[in-house]
**Student:** 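Structure in structure tokens, see below.
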Amino acid sequence: MVFGILEDRSLENVPGTGLLSDHGVVRGQEVNINEAKDLKHGTGRYAHVILIPQPSDDPRDPLNWPSWKKEACFWTLSFGTSLTGALSPLVSAGYVLLSKQFNVSVDDVTSSFGILLLGLGICMIVQNALAVKFGHRIVYLVSTFLMFISCIWCAASPSLASIRASRFFQGCGMSALQALVPSSLEQIYYVHERGSRSVIWNFAIMAGITLGPLLCSYVIQNLTWEFGFWFVSIALGIATVMVFFFVPETMFVRETTLPTSRAPTLDKSSMEKSLSDADVVAVERDPAQSPASYMSGLKIWHGTYSDERLWKIFLRPLPFILSPVTWFVFLTYGMQTVWLSLVPLCSATIFTLEYNFNAAQIGLTNLGGIVGIVLAMLVTGPLNDWGVVWISKRNRGIYEPEFRLVFMISMLFGVFGYVGWAVGNDHHMPWIGAVACITMLNFSMVVSGSAAVTYLLDTHRENALHILAVTNFAKNMVLYGSTFFANGMILDRGVKVSLLILGACQAFCWLASIPMYIFGKRVRAFIARHPRLFRDDGAPSSTRVFKEGEGGG
């Protein structure tokens, strides 16, 4: 037992465990850099970095795209992602006003606008299968156009029934930009380039969730709630045009490779992600090909990328339900998102009851979320990097992915946020205290969520997207079900009891990180011993490599 982590006796080398040295990851033994002389390296200040994954010689390979093309694609997807984040709670500040307009309860309004989550959850799994089969570009285009049309539909809706239908299709359109983007980043960026991109993309989602209701609250207060959707539809129209011109097909099938010996990774960020041996590959040298023209990249249809039947691709994520890591991510990342998402959905009720806020003032409470997100972004990277290195050095230089779970303790900030808000509300604390608690909730979500997802990548690697699809589906179903009674519970039981219930749920989910930390290494060994169950043979983007002298680690 090392720092409380139980050793596994079934495998000598458990995947994910790596030896940390002053120069980088050495996969269980010292390796001379000359052994990697045939592998491609980065340029400039990254000249010492072995490119992971290894790009092909085909200029059409997204890894070989010029920088401007990669940046245009990334920022377009980030812009679209921020809009999807804003759409979900867009008019949450006006739910009380809407309940009076339609002469229904606040829960009826919340569930009508929350049906978006039903479409989002269902289509997250569907679009994943479609993207594997037909490519990313056509899925992005259809999704953004569907959001654009359904947003106009919602703005022009005369009744709650029409709103429900339009919001369902909005959710279907949102799914690609909330679930498929990590796969595209994996295709166009090397491992040492993905960290900062992932942070920016996550920031885009959270910024949309917090800034969208804030800005829309002023629209609701001074105009009408419909104008909020009209304004967003303009931005979505721009995003659809940008996707057409700046997001070419990111799916690329790399050929299988020649056998290669073990290669070292000297990149520090790659080291701390403890990549599998299959991540470092040498690609067959194909005959020189001319780069695809810009106009040819605008084609919408590029054929199919997998010979596997669509229904098999659709069912591929199901076996991962048996992985303990799936349940861990669902509890600590998915369910924590549910509790946090209920805050803006119920903020109109809470701040109207306790502080008699109008729509604009309710929207301003989201500034607390922005502060929490920014603080978390500033400390998450350095804290994880420095902390994992510090612990590994005290473990004779050996890195265990479970070290990431130490930072799950940040979930307690969320517990303190809910409990502090409940107790403070009972003692009539000023509104700034409630906003400070919202700051703690968002800080907890970003730090612990980053640790949970990183741990998922360490354990399931290329199959992590399947688990995210399953957990996101379950999360959205729970959140959608909560919209039917969340505001009613606050009205019936009061703000204090409701917040204490959320605090207890947060604490229970945090407790899941303790057994995961202790038994995590045995869980990784269990996953490695059942490759038929926990693998993704059909992924066209995966390059399979057979290395000489490889062991289980």
Side-chain angles (χ1 to χ4, degrees), residues 77 80-81 83-90 110-151 153-154 157 160-184 205 208-209 236 306 308-321 326-327 329-331 333-335 337-338 340-342 345 463-486 536 538:
L77 294 177
T81 299
L83 296 178
T84 67
L87 269 179
S88 180
L90 188 64
T110 305
S111 60
S112 295
F113 281 88
I115 200 172
L116 167 146
L117 299 167
L118 182 62
L120 177 62
I122 293 174
C123 286
M124 271 190 173
I125 296 179
V126 174
Q127 61 83 25
N128 184 52
L130 293 175
V132 170
K133 183 73 174 179
F134 304 112
H136 293 183
R137 176 171 167 80
I138 190 170
V139 175
Y140 283 134
L141 283 170
V142 172
S143 294
T144 51
F145 184 72
L146 183 59
M147 275 196 295
F148 171 62
I149 294 299
S150 58
C151 200
W153 177 3
C154 189
S157 293
L160 278 180
S162 180
I163 289 173
R164 291 188 193 100
S166 65
R167 290 286 281 179
F168 178 83
F169 285 105
Q170 278 182 32
C172 293
M174 288 168 55
S175 60
L177 288 166
Q178 288 212 0
L180 190 58
V181 174
S183 179
S184 293
I205 296 178
I209 291 173
L236 284 170
S306 175
E308 193 172 1
R309 293 185 178 181
L310 192 61
W311 68 269
K312 288 185 177 181
I313 301 175
F314 176 77
L315 296 176
R316 189 182 297 161
L318 296 183
F320 293 98
I321 296 176
T326 301
W327 290 95
V329 174
F330 172 69
L331 288 174
Y333 175 72
M335 294 307 293
T337 305
V338 172
L340 185 61
S341 299
L342 287 176
L345 292 178
N463 295 318
L465 286 177
H466 295 315
I467 293 178
L468 286 175
V470 171
T471 55
N472 279 325
F473 169 78
K475 173 202 72 177
N476 286 310
M477 294 303 99
V478 173
L479 183 55
Y480 175 59
S482 301
T483 62
F484 286 93
F485 61 84
D536 178 14

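Along the sequence shown, the residues carry numbers beginning at 1. Predicted model only: the values in this text are computed from it and were never measured.
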**Student:** Does Phe473 reach the side chain of Pro317, with side-chain heavy atoms less than 4.5 Å apart?
**Tutor:** no

**Student:** Please examine the side chains of Lys475 and Val478, heavy atoms only from C-beta on, and report whether any two atoms are closer than 4.5 Å.
**Tutor:** no

**Student:** Specify the closest pair of heavy atoms between Ile163 and Ser157, including all atoms of both residues, with the distance to one decimal.
**Tutor:** CG1-CB, 3.6 Å

**Student:** Using modelled atom types and a 3.5 Å cut-off, is there a donor and acceptor pairing between side-chain atoms of Ser88 and backbone atoms of Gly85?
**Tutor:** no

**Student:** Can you confirm whether Tyr333 is buried at OH, in the sense that more than 12 heavy atoms of other residues, nucleotides or ligands lie under 6.0 Å from that atom?
**Tutor:** no

**Student:** Side chains of Leu77 and Leu177: closer than 4.5 Å at any heavy-atom pair?
**Tutor:** yes

**Student:** How many angstroms lie between OG in Ser482 and CG in Asn476, if you round to the nearest 0.5 Å?
**Tutor:** 11.0 Å

**Student:** Once side-chain contact (heavy atoms from CB on, under 4.5 Å) is applied, do any residues pair with Phe169, and if so which ones, sequence neighbours excluded?
**Tutor:** Leu146, Ser150, Trp153

**Student:** Work out which heavy atom in Phe330 is nearest to a heavy atom in Ala474; give both atom names and the distance.
**Tutor:** CE1-CB, 3.5 Å

**Student:** So for atom CZ, which belongs to Phe168, do other residues, nucleotides or ligands contribute more than 12 heavy atoms lying within a distance under 6.0 Å?
**Tutor:** yes

**Student:** Mind checking the CG-CD1 spacing from Leu160 to Ile115? Nearest 0.5 Å is all I need.
**Tutor:** 11.0 Å

**Student:** Just so I know, are the side chains of Ser143 and Gln127 near enough to count as touching, which here means a heavy-atom distance under 4.5 Å?
**Tutor:** no

**Student:** First locate atom OG1 of Thr337, then atom CG of Leu479, and finally report the distance between them rounded to the nearest 0.5 Å.
**Tutor:** 9.0 Å

**Student:** Who pairs with Leu331 by side-chain contact (heavy atoms from CB on, under 4.5 Å), at least two apart in sequence or on another chain?
**Tutor:** Met335, Cys509, Ala512

**Student:** Report the relative orientation of the aromatic rings in Tyr140 and His136; use parallel for angles under 30°, tilted for 30 to 60°, perpendicular for over 60°.
**Tutor:** perpendicular

**Student:** Rounded to the nearest 0.5 Å, how far does OG1 of Thr471 lie from CE of Met124?
**Tutor:** 9.0 Å

**Student:** In Å and rounded to the nearest 0.5 Å, what is the SG to CG distance from Cys151 to Leu90?
**Tutor:** 7.5 Å

**Student:** Any heavy-atom pair between the side chains of Arg167 and Ser112 that's under 4.5 Å?
**Tutor:** no

**Student:** Rounded to the nearest 0.5 Å, how far does OG1 of Thr326 lie from CD1 of Ile321?
**Tutor:** 8.0 Å

**Student:** Keeping the roles fixed (side chain from Thr84, backbone from Met174), state whether a donor-acceptor pair exists under 3.5 Å.
**Tutor:** no

**Student:** Looking at every heavy atom in both Gln170 and Leu87, which two are closest together, and how far apart are they?
**Tutor:** OE1-CD2, 3.6 Å

**Student:** List for me each residue that meets side-chain contact (heavy atoms from CB on, under 4.5 Å) alongside Ile205, sequence neighbours excluded, and say none if there are none.
**Tutor:** Thr81, Trp201, Ile209

